[in-house]
Amino acid sequence: MSAERLEVYVVTKYQSGGEEKSRWSRVGIAFPTKDGRGYSIRMDYPVAVAEFVLLPPKPKDEGSF
């Protein structure tokens with residue numbers, strides 16, 4: 001897994017002049033977890049700050065949602 005920081009965007013579709021366009025809004029950052037197995041996402045959109053963690057799926061025998 002890469003050790004670089006990533007930017008997080010929300011992509012909103014809209015119509016302009018009869019064409020569909022996309023507006024990209026930066027809403028946070030993602031950075032590697034300390035153990036290097038996943039990423040934490042820190043959101044600063046719209047007002048509150050939230051944090052998400054992305055990890056690879058566990059094998060079925062280790063439990064899941």
Side-chain angles (χ1 to χ4, degrees):
M1 182 164 296
S2 175
E4 65 186 85
R5 187 181 101 174
L6 303 171
E7 294 186 348
V8 179
Y9 294 89
V10 167
V11 181
T12 307
K13 302 285 185 184
Y14 67 97
Q15 294 288 323
S16 177
E19 294 182 39
E20 182 176 85
K21 296 191 175 191
S22 299
R23 177 178 298 117
W24 290 62
S25 301
R26 185 180 174 280
V27 296
I29 60 169
F31 49 92
T33 56
K34 290 180 183 177
D35 64 10
R37 292 181 41 229
Y39 279 87
S40 288
I41 300 174
R42 180 126 333 139
M43 304 289 288
D44 49 26
Y45 179 84
V47 176
V49 174
E51 186 170 338
F52 301 86
V53 177
L54 292 109
L55 297 171
K58 292 182 177 183
K60 295 282 185 193
D61 61 336
E62 291 186 33
S64 62
F65 289 102

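When a residue number appears, it is its place in the shown sequence, counting from 1.
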What one should report as the nearest heavy-atom pair of Ala30 and Ile41 is CB-CG1, 4.0 Å
For residues Tyr39 and Thr33, determine if any side-chain heavy atom of one lies less than 4.5 Å from a side-chain heavy atom of the other. no
Give, for atom CD1 of Ile29 and atom CZ of Arg5, the distance between the pair rounded to the nearest 0.5 Å. 4.5 Å
Heavy atoms, side chains only, cut-off 4.5 Å: are Glu20 and Tyr14 in contact? no
Less than 4.5 Å apart, side chain to side chain, heavy atoms only: is that true for Lys21 and Lys13? no
Under a single-linkage definition using a 4.5 Å side-chain heavy-atom cutoff for Ile, Leu, Val, Met, Phe, Trp and Tyr, are Val8 and Val10 assigned to the same hydrophobic cluster? yes
Could you give me the CA-CA distance, side-chain angles and deciding distance for Arg42 and Phe31, then say whether side chain to side chain contact (heavy atoms under 4.5 Å, CB included) is met? CA-CA 8 Å; Arg42 180 126 333 139; Phe31 49 92; 4.2 Å; yes
